[in-house]
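Encoded as structure tokens, the structure appears first; notes follow it.
Worth saying up front: this structure is predicted, and the values here are computed from it rather than measured. Below, read A as the first sequence line, B as the second, and so on, with proteins coming before strands; counting in each chain starts at 1. For the numbers below, each heavy atom of this structure counts, side chains included, while hydrogens, waters and symmetry mates do not.
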2 protein chains.
Amino acid sequence: MANINEVAKVAGVSVATVSRVLNGQNVVTPKTKIKVEDAIRKLKYEPSMLGRNLRNSESRVLLVLVPTISNPFYFEIIKGIEQNALDHNYNILLCETDSNPERENIYFDLVRKKMADGIISMDPAVNIDTLKELSKNHAIIQCSEYSLEGNIPYVTIDNEDAAYRAVKHLIKLGHEKIALFNSNEKYLYARQRKDGYVKALEEFGIQVNPDYMLYTDQLGFEQGIQATKKVMSLKDRPTAIFSVSDLLAIGALKELNNTGVEVPDEVALIGFDNIDFSNMTHPTLTTIAQPMYQMGTVASTMLINKINGEDVENKFLNHELLIREST
Amino acid sequence: MANINEVAKVAGVSVATVSRVLNGQNVVTPKTKIKVEDAIRKLKYEPSMLGRNLRNSESRVLLVLVPTISNPFYFEIIKGIEQNALDHNYNILLCETDSNPERENIYFDLVRKKMADGIISMDPAVNIDTLKELSKNHAIIQCSEYSLEGNIPYVTIDNEDAAYRAVKHLIKLGHEKIALFNSNEKYLYARQRKDGYVKALEEFGIQVNPDYMLYTDQLGFEQGIQATKKVMSLKDRPTAIFSVSDLLAIGALKELNNTGVEVPDEVALIGFDNIDFSNMTHPTLTTIAQPMYQMGTVASTMLINKINGEDVENKFLNHELLIREST
DNA sequence: ATGAAAGCGCTAACAA
DNA sequence: TTGTTAGCGCTTTCAT
């Protein structure tokens, strides 16, 4: 494995000139440029990022923090981040925290130790104090999930409006007994979505029934099953369920199918996120689509700008209600 | 951001001593060690991986190549790789090739340029010639999907036997008209799984019917629907389908549900991989479980050993037929 | 047990 | 346009 010195020697020039050719600086004479390129080819030289990164005090790595990689919600966002990162010569380190503080800390250490130039956090359970502290010296962007503390820039959607529209859609369909499967209210988005739910009900003069509002710590399939069992065992069953995640809704669907409850005839169902599987179920799931890919590219652009010392502003992107078979 | 020099100055020692403390070498006097640790705390010093990596000619990054991150098959494998990597102080760079040679090359470049110390390839569509070439100078392991060319170590399961057992299970259930939804036979695992299918049929004296053997370029939900449409429009419909991926089988299930065909009564269904969703469908899917997490840890261990210059041997892990509602 | 110094591979400021 | 040289932050050899 040749290094820049050997290339310089073979080409009969200095390392500075080789470096100039490598970095496409146009000061080099075509003639010398060719000499250098020949030497590079001859030696099969590959410039080492190790030297370059140390010299430039950068790693060209972006850290992407997700609670779990198996939640399909993150796929498109990650794709957006990654494509944008590659376009700007960055690579992404995808980090799964499992909402485990220890693991999270391993990853935070990577930016402290200069293995990463910045962080895009999508973990709602992230330790916001640590994040605040880190953001003083490092570039950080929050994506989708965010906290207002610490003035960390974020990109997200209007969660309240999204929930409002979903519930309004159910009401227009004639539903009045509408259950809400929500996330823990310690999360901002959970509070916002509840607000949207309540707002829609109140607008149509429907009493908010606490029995219909269920909270789960995780947003998975299993939790959807459990919540459905609970709500369907009430004397006064709901005729519609609004879940704040598709996975939750798919769990609900499974339980309803299992117990012979017809969807949407007996119980209508709305999810959130428009994951691929929401269109594969039987019946297909009405859901709220977030512009995930775009969210990813925007977050990535914001982060790269921040790394470059620019000021960045919070962004709100548009969502959309996708009406399918389950309502 | 302090560096090692400042720490040395504040502690009143040389940088060598600081480095020794950092790396837990036991030669340092407790007294000086304390001085150094105090200085580190005082300056909030964080050692830079950039300097260390250059000095050690390593990046402590493992590159993990998958065709797509949205295929749930890879989740557990990736988790296994990651946990094992973290345990050995490595980080993983998860790379999605989209089976796109250009993208693939971007990632290969990372190891050429020392941004990664080795590769775990899980992409069946990987350019095997490039991989062979790379493996001369870099540590590479194949996981799950593999090619015998180039003597690149791999970890996998016995695909032929897995398929054989799945089909035998269907035969024992009384099925004789068994369709095979397979991947393109340019892939080794596709040929192996077909061999298992044929072997089971022949063992029970059942004629192999070419009409029942369908090939799809991708192993997704949509392909499952299309293949099912095709096979169910035959005059002599099959009574069972063996799909080489769960996603394919879930597509089949969707199509059968849509057209009112009862599963498993009219058509039995077997998938492959035991992805999470295979247990969420209605009915739940009989499938073949690969020890994915273990596959990941094994692959990661093999790679790290290879990076350290050790010899590594190919490994075959055990699979298991999970009988659920669809058969 | 500790320190001085070289060097990993690169870029860029300065000089020519 | 090109070369010389310092230095990014660290580890390690060799002296002491």
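For the side chain to side chain contact (heavy atoms under 4.5 Å, CB included) criterion with A:Ile141, the lone passing option out of A:Ile81, A:Asn314, A:Val312 is A:Val312.
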Any N/O pairs under 3.5 Å between the protein and nucleotides 12-16 of chain C? List them or say none.
from   : atom 1 : to      : atom 2 : distance (Å)
C:dA12 : O4'    : A:Arg55 : NH2    : 3.2

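B:Arg41 has a carboxylate O that lies under 4.0 Å from a charged side-chain N of B:Asp38, or vice versa, which qualifies the two as a salt bridge.
Using modelled atom types and a 3.5 Å distance limit, the side chains of A:Ser300 and A:Asn84 yield a donor-acceptor pair. No hydrogens or angles considered: nothing links the side chains of B:Ser59 and B:Asn53 as a donor-acceptor pair under 3.5 Å.
Pairs passing the salt bridge (charged side-chain N to carboxylate O under 4.0 Å, His left out) check and including a residue from residues 129-142 of chain A, sequence neighbours excluded, read A:Asp129-A:Lys132, A:Lys132-A:Glu149, A:Glu133-A:Lys136. Within the structure, side-chain hydrogen bond (donor to acceptor under 3.5 Å, both in side chains) pairs that include any residue of residues 98-113 of chain B comprise A:Glu82-B:Tyr107, A:Gln83-B:Arg103, B:Arg103-B:Tyr107, B:Asp109-B:Arg112 (at least two apart or interchain). Screening residues 63-79 of chain B for salt bridge (charged side-chain N to carboxylate O under 4.0 Å, His left out), with sequence neighbours left out, gives A:Glu96-B:Lys79.
Where B:Lys114 and B:Thr32 meet DNA chain C, the nucleotide closest to each residue was compared, and B:Thr32 sits on the side nearer the 5' end.
In terms of heavy atoms, B:Val18 sits closest to B:Ala8 at CG2-CA, 3.7 Å.
For DNA chain D, the neighbouring residues in residues 44-54 of chain A, judged by any heavy atom under 4.0 Å, are A:Leu54.
One atom, CD1 of A:Ile40, and another, P of C:dG9, lie 16 Å apart when rounded to the nearest Å. Taking atom CD on B:Glu58 and atom P on C:dG9, their separation rounds to 13 Å, with Å as the unit.
By the 30° and 60° cut-offs, the orientation of the rings of A:Phe316 relative to A:Tyr154 is perpendicular.
Panel note: side chain A:Asn23, backbone A:Gln25; no donor-acceptor pair is recorded below 3.5 Å.
Here the range on DNA chain D touched by chain A, meaning any atom under 4.0 Å from one of its heavy atoms, is D:dT1 to D:dG9.
For the OP1/OP2 pair of C:dG3 and a distance below 4.0 Å, the side-chain nitrogens and oxygens of B:Thr17 include at least one atom meeting the criterion.
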